[in-house]
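Chain identifiers are assigned alphabetically (A, B, ...) following the order of the sequence lines, protein sequences preceding nucleic acid strands; residue numbering begins at 1 within each chain.
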2 protein chains.
Amino acid sequence: MQEIRVELTDHPKPKPTAADKLEFGTFFTDHMFVMNYDEGEGWHDARIVPFGPIELSPAAMCLHYGQSVFEGMKAYRAVDGRVLLFRPDKNMARLNSSNDRLCIPLIDEKFCEKAIEKLVSIEKDWIPSAEGTSLYIRPFIIGIDPHIGVHPARHLVFIILCCPVGAYYPEGLNPVKIYVEKNYVRAVRGGMGYTKTAGNYAASLKAQDEAEKQNYTQVLWLDGVERKYIEEVGTMNVFFVIGDEIVTPELQGSILPGITRMSSIELLKSWGMNVVERKISIDELAEAARNGRLKEAFGTGTAAVISPIGHLKWGDEIMDINNGEIGPISQRLYDTLTGIQWGKIKDTFGWTVEVK
Amino acid sequence: MQEIRVELTDHPKPKPTAADKLEFGTFFTDHMFVMNYDEGEGWHDARIVPFGPIELSPAAMCLHYGQSVFEGMKAYRAVDGRVLLFRPDKNMARLNSSNDRLCIPLIDEKFCEKAIEKLVSIEKDWIPSAEGTSLYIRPFIIGIDPHIGVHPARHLVFIILCCPVGAYYPEGLNPVKIYVEKNYVRAVRGGMGYTKTAGNYAASLKAQDEAEKQNYTQVLWLDGVERKYIEEVGTMNVFFVIGDEIVTPELQGSILPGITRMSSIELLKSWGMNVVERKISIDELAEAARNGRLKEAFGTGTAAVISPIGHLKWGDEIMDINNGEIGPISQRLYDTLTGIQWGKIKDTFGWTVEVK
Ligand SMILES: Cc1ncc(COP(=O)(O)O)c(C=O)c1O
Ligand SMILES: Cc1ncc(COP(=O)(O)O)c(C=O)c1O
């Protein structure tokens, strides 16, 4: 395995204080991990260096043609002071799945996990400890060839950033308002929907912007082919409790295989609940809402963990779900997942990895 | 209108020589145009400065979420020494259409045309004069907020680069080999296919890479919904001469509205030819090839102008078109378009703009 060279900063920044609220993605720690890929040499020169700007050719591949993938994960300060990661192996595996689709050379997953652990251990003091706070970790890879032409890059850089982030729900789990997007499509089978690549998020900006202007938190995407099957929400996968079935859209290439989704399915199964991955149309959902069988709806994702959906708008039809309150299954999943992540309850699944 | 500040380089680079072959997108001129957008201030600080690297936060919006649009156009050294642009207003209009879809603040099209003219006039000596060569112009806009979060940027930069480029067909117009892509999809209606944004090209890398490995130049994309209607080719729109009809896929939101496509349609119409924009399925095309009615096929785009397609592979079916030779309509379009662009024939359409 490669050595990781460490160059510590001479100018550590003051850590944000409680008053800073730790708005998501705004504060960065003192260091970042950097590693280069050059054709013929492979991934090399792994290093942890002071956080700072990067220099790119204005012709850099990623700026023009979007060869860019990323991951999103967190380090949690457990109640007993340990620092925990949640299923980092799954993030690295997904990064390689994105890499494959975007013609980016694969990374050594085990090595990159170690790199994350090393960076987090150096930035340990940046991990906030207030209830619900954590250190968000953003590994990403960009093609940087200083060359204009649609061709996989021969030179790339892998960077890991860390941001202390506040509690997603400082005032408790408030159900969100979502609307069903009818005009725009995020991704389609055969495309890049199952990857975490820049273009998928670029495609979502316009709908997201219109949703916010109408006072909705995010949009619920429908499939790009028939425009009727439910896909996912903004940066979350989605689950519905209909009668005694818990339904989540199956993975067909157009939605992100969320790690919170995967963990939620595993938890629900371990509780003996009837969770199914299948196609679910917006008509079926509206029908279930109309006849009172839609009991809960929630999103799953690293940022919010579990995000109950209290209000869903589909054209003129409004679905009010569980009186706009969090339901028992959403609550149990939230408590269990966050319990495991912050080391409050025993991790019988072996999901957490301690950073020494 | 804004002033454009000019700061000339102290270190002009040697110009590439004929021996350099001017590989596309590899050589850059001495200067670039730069202009910033900051929320509240609008587009400001337009300047022409020495070409050089740019500094970005590693958290910059464009690197993670792909908020990036671009254009591609050329300046031609006419046979009489004048410098000509080809329909630059159309490129600026398309840039604004991309901006709108990507939640990027609109530019002042007239002003940006002037900026291009000014930059090109400063870089005049970089425009090569050998047959078929030109100066490729790459305007692009990227969101640069140093903030991780899926949200339209509040800070952006607009840059224009120039590259002297060689003749696309140094050995004459050689028909290309294309294969019909069956697994991957580039874009779908409701998505961003009609824009020039980074993510569309990222989505195309994998198919393009596989095509090259099989010794094909580019892929022909089918629509993402029914997977049977012809869309476009790599970085070209596509036309087919079937019987006495010239068919090109209609614009439905998933393909780029090419300026060479638009100009070709206008030319064909001016010649009294029967050109139609409509849906055309791959089955219809294969059927036409089988019964000898497919006479010509060609791509249209700024880089190659007209690119005859001599060989088209769809699964096991091979369509050999016009014996792998350029056909009369392709040739006439090529001669006329390049004739107008290089000022060899009179521009009765008012398409060219002289750079003083
Ligand atoms: C598009 C999208 N879907 C779903 C998710 C949820 O995935 P995970 O649970 O791995 O965070 C995310 C974000 O993280 C996302 O960006
Ligand atoms: C995807 C795509 N289609 C078509 C074209 C042709 O457009 P134009 O004729 O404006 O160059 C281009 C490139 O320029 C392109 O990138």
Subject >> Rounded distance [0.5 Å steps], OG1 in B:Thr197 versus CG in B:Asn99 >> reply: 9.5 Å

**OP:** Let me know if A:Glu181 has heavy atoms under 4.5 Å from chain B in its side chain, its backbone, both or neither.
**Re:** neither

Original post:
Just how far is it from atom NZ of A:Lys228 to atom NZ of A:Lys279, taken to the nearest 0.5 Å?
Top reply: 8.5 Å

Subject >> Engaged part of B:Asp100 at the chain A interface, taking heavy atoms whose separation is under 4.5 Å >> reply: both

**OP:** Between chain A and each of B:Asn200, B:Val188, B:Thr195, B:Val157, count heavy-atom pairs under 4.5 Å; write down the option with the most.
**Re:** B:Val188

Original post:
How far apart are the closest heavy atoms of A:Thr29 and A:Pro164, and which atoms are they?
Top reply: CG2-CD, 4.1 Å

Original post:
What part of B:Glu23 is in contact with chain A, defined as an atom under 4.5 angstrom from a non-hydrogen atom: side chain, backbone, both or neither?
Top reply: side chain

Subject >> Residue A:Asp209 versus chain B: region with a heavy atom under 4.5 Å >> reply: side chain

Original post:
Using a cut-off of under 4.5 Å for heavy-atom pairs, which of A:Arg189, A:Lys196, A:Lys182 has the most such pairs with chain B?
Top reply: A:Arg189

Original post:
Between A:Tyr216 and A:Tyr179, what is the ring plane arrangement, given parallel below 30°, perpendicular above 60°, and tilted in between?
Top reply: perpendicular

Subject >> Pairs of heavy atoms under 4.5 Å with chain A: top-ranked of B:Tyr201, B:Tyr65, B:Phe28 >> reply: B:Tyr65

Subject >> Contact origin within B:Ile142 toward chain A - heavy atom pairs under 4.5 Å >> reply: side chain

Original post:
Any idea which of A:Cys163, A:Gly191, A:Ala203 has the most non-hydrogen atom pairs under 4.5 angstrom with chain B?
Top reply: A:Ala203

Original post:
Pick from A:Pro58, A:Ser68, A:Cys103: which one has the most heavy-atom pairs with chain B under 4.5 Å?
Top reply: A:Pro58

Subject >> Side chain / backbone / both / neither for A:Phe27 at chain B, heavy atoms under 4.5 Å >> reply: neither

Original post:
Does A:Asn237 reach the main-chain N or O of A:Glu232 with its side chain, forming a donor-acceptor pair under 3.5 Å?
Top reply: no

Original post:
Do the charged groups of A:Arg94 and A:Glu71 touch, with an N to O distance under 4.0 Å?
Top reply: yes

Original post:
Highest number of heavy-atom pairs under 4.5 Å with chain B: which of A:Glu212, A:Lys206, A:Gln208?
Top reply: A:Lys206

Subject >> Options A:Tyr136, A:Phe70, A:Phe140, ranked by heavy-atom pairs under 4.5 Å with chain B, top entry >> reply: A:Phe140

**OP:** Could you walk me through whether B:Thr217 and B:Val233 pass side chain to side chain contact (heavy atoms under 4.5 Å, CB included), step by step?
**Re:** CA-CA 10 Å; B:Thr217 313; B:Val233 165; over 6 Å; no

Subject >> Stepwise side chain to side chain contact (heavy atoms under 4.5 Å, CB included) test for A:Ile148 and B:Phe24 >> reply: CA-CA 7 Å; A:Ile148 291 181; B:Phe24 191 88; 4.1 Å; yes

Subject >> Partner chain B: residue of A:Gly234, A:Gly52, A:Ser204, A:Pro53 with the largest heavy-atom pair count (under 4.5 Å) >> reply: A:Pro53

**OP:** Take A:Cys162 and A:Leu119, measure what side chain to side chain contact (heavy atoms under 4.5 Å, CB included) needs, and give me the verdict at the end.
**Re:** CA-CA 9 Å; A:Cys162 297; A:Leu119 179 62; 3.6 Å; yes

Original post:
Would B:Lys13 count as a cation-pi partner of B:Phe51, with NZ or CZ less than 6.0 Å from the six-membered ring centre and within 45° of the ring normal?
Top reply: yes

Subject >> Region of B:Leu161 that comes under 4.5 Å of a non-hydrogen atom in chain A >> reply: side chain

Original post:
So which part of B:Tyr184 gets closer than 4.5 Å to some heavy atom of chain A, the side chain, the backbone, both or neither?
Top reply: both

Original post:
If you tally heavy-atom pairs under 4.5 Å against chain A, which of B:Glu55, B:Gln67, B:Met192, B:Arg101 wins?
Top reply: B:Arg101

Original post:
Measuring from A:Leu251:CG to A:Tyr194:OH, what's the distance to the nearest 0.5 Å?
Top reply: 12.0 Å

Subject >> Among B:Ala202, B:Gly66, B:Gly190, B:Ser57, residue most engaged with chain A (heavy-atom pairs, under 4.5 Å) >> reply: B:Gly190

Original post:
Top residue by heavy-atom pair count (under 4.5 Å) with chain A, among B:Asp223, B:Leu205, B:Val225?
Top reply: B:Leu205

Subject >> Backbone N/O of A:Pro50 and side chain of A:Asp30: donor-acceptor pair under 3.5 Å >> reply: no

